[in-house]
Amino acid sequence: MMGNEPVVLFLMLLVHYTVRHCLGFSQSVDSDYTFTLPAGQKDCFFQPMKKGATLEIEYQVLDGAGLDVDFSLVSPDGELLLSEERQSDGVHSVETVDGDYQFCFDNTFSRMSEKVIFFELILDQLNDEGNEQEDWKNYIMGTDLLDMKLEDILETINSVKGRLTKSGQIQTLLKAFEARDRNLQESNYDRVNFWSIFNLMVMVVVSGLQVYMLRSLFEDKRKSRL
């Protein structure tokens, strides 16, 4: 039994850390949204943030004439942090303070075309993440009995977490790119069909006129007089 105590202690610490670290995942939130912005309108969203955290916003116009939109980001103090006009996509990251951040998508410059907009929010609560690290250090007492260093496990798990988060973000962006390209291809397909039918009708009309004019040139005018 004495020989199994290090293994039992290791498993207990690993399970406890895994549960606490999984709970710590909620401190880094990755959310994405897709909405339709009607022509001539402006929509704004609000995101509460804490001091010392990071707010990252990425947006893309998936569908609509011109594939462009105006974007602005305002701090809780009412300061305009950034403003973009007629952009199809953008990525921005800011260090935050306590309060609600406002970001707006403006389509008032377009009078006829609505826009389908995708945006992703990545909220990284840095202060809470540091607290989780400190809490973990309080539970690694007696680890000198273990052959494997728990610090190495912590580093490995953090590395895997970061890579999984990055992979999820890349997959979300690829989906957005695929949706925008598909909408663009469908729009081009409709345009090609419309102009093909239009050109066909013009050719038919022109051919009919040519046949009529040729027949009129070779008509026997003497028969028409009789």
Side-chain angles (χ1 to χ4, degrees), residues 29-47 55-74 80-94 101-123 164-226:
V29 181
D30 182 3
S31 304
D32 56 90
Y33 306 90
T34 302
F35 70 100
T36 300
L37 181 59
Q41 292 192 15
K42 177 181 179 180
D43 284 350
C44 294
F45 302 85
F46 295 86
Q47 176 61 49
L55 170 63
E56 183 176 341
I57 303 176
E58 176 162 357
Y59 68 91
Q60 293 184 27
V61 182
L62 302 182
D63 194 15
L67 294 177
D68 54 0
V69 72
D70 294 346
F71 175 80
S72 62
L73 178 63
V74 180
L80 181 62
L81 299 179
L82 59 93
S83 178
E84 295 181 330
E85 296 183 358
R86 309 295 290 269
Q87 297 294 319
S88 60
D89 55 69
V91 181
H92 306 285
S93 180
V94 295
Y101 282 77
Q102 173 184 314
F103 55 98
C104 300
F105 299 93
D106 191 349
N107 193 32
T108 55
F109 62 85
S110 179
R111 297 183 178 181
M112 299 182 60
S113 177
E114 64 181 16
K115 306 295 174 62
V116 178
I117 299 175
F118 161 86
F119 69 91
E120 181 181 21
L121 296 178
I122 302 174
L123 316 177
L164 289 176
T165 303
K166 190 64 176 179
S167 298
Q169 296 173 7
I170 293 175
Q171 289 178 354
T172 302
L173 294 179
L174 290 177
K175 290 179 181 179
F177 281 122
E178 187 272 336
R180 184 174 68 177
D181 292 342
R182 183 178 65 250
N183 292 330
L184 184 60
Q185 290 177 359
E186 291 177 354
S187 177
N188 292 336
Y189 176 77
D190 293 336
R191 292 179 181 178
V192 169
N193 286 338
F194 172 77
W195 288 109
S196 297
I197 295 175
F198 179 79
N199 290 331
L200 179 61
M201 295 177 62
V202 171
M203 292 175 62
V204 171
V205 172
V206 171
S207 298
L209 289 175
Q210 289 179 345
V211 171
Y212 174 78
M213 293 179 66
L214 289 174
R215 291 184 61 182
S216 64
L217 291 176
F218 292 98
E219 274 188 351
D220 191 350
K221 296 181 179 180
R222 289 177 298 178
K223 292 182 178 180
S224 61
R225 291 177 180 177
L226 295 175

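Below, each value reflects all heavy atoms present in this structure, side chains not excepted, and no hydrogens, waters or symmetry copies.
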Distance in Å, S88 OG paired with I117 CD1, rounded so as to fall on 0.5 Å steps: 11.5 Å

When every non-hydrogen atom of P38 is compared with those of E114, the smallest separation belongs to CA-CB, 3.9 Å

About how many Å separate CG of D68 and CZ of R86, when rounded to the nearest 0.5 Å? 4.5 Å

Sub-4.5 Å side-chain heavy-atom contact between L123 and L55: yes

What's the spacing between D190 CG and N193 CG if we round to 0.5 Å? 6.5 Å

CG of D63 to OG of S113: how many Å apart, nearest 0.5 Å? 7.5 Å

Closest non-hydrogen atom pair, K115 against A65: CE-O, 3.1 Å

With side chains defined as the heavy atoms from C-beta onward, is the minimum distance between L67 and Q60 less than 4.5 Å? no

Looking only at the aromatic ring of each residue, does the gap between the centers of Y33 and F45 stay below 6.0 angstrom? no

Looking at side-chain heavy atoms only, is the closest gap between T34 and V116 below 4.5 Å? yes

Backbone N/O of E85 and side chain of Q87: donor-acceptor pair under 3.5 Å: yes

Output, in order, the C-alpha distance, side-chain angles, deciding distance and verdict of side chain to side chain contact (heavy atoms under 4.5 Å, CB included) for E58 and V91. CA-CA 4 Å; E58 176 162 357; V91 181; 3.4 Å; yes

Aromatic contact, H92 with F103 (centres under 6.0 Å): no

Distance (rounded to the nearest 0.5 Å) between L37 CG and D43 CG: 5.0 Å

Would you say F35 and F105 make side-chain contact, with heavy atoms under 4.5 Å? yes

Is the F198 ring parallel, tilted or perpendicular to the F194 ring (thresholds 30°, 60°)? parallel

Are the side chains of D106 and S72 in contact, using a 4.5 Å heavy-atom criterion? no

With a 4.5 Å cut-off on side-chain heavy atoms, are I57 and L121 touching? yes

Residues K42 and C104: closest non-hydrogen pair is CE-CB, 3.6 Å

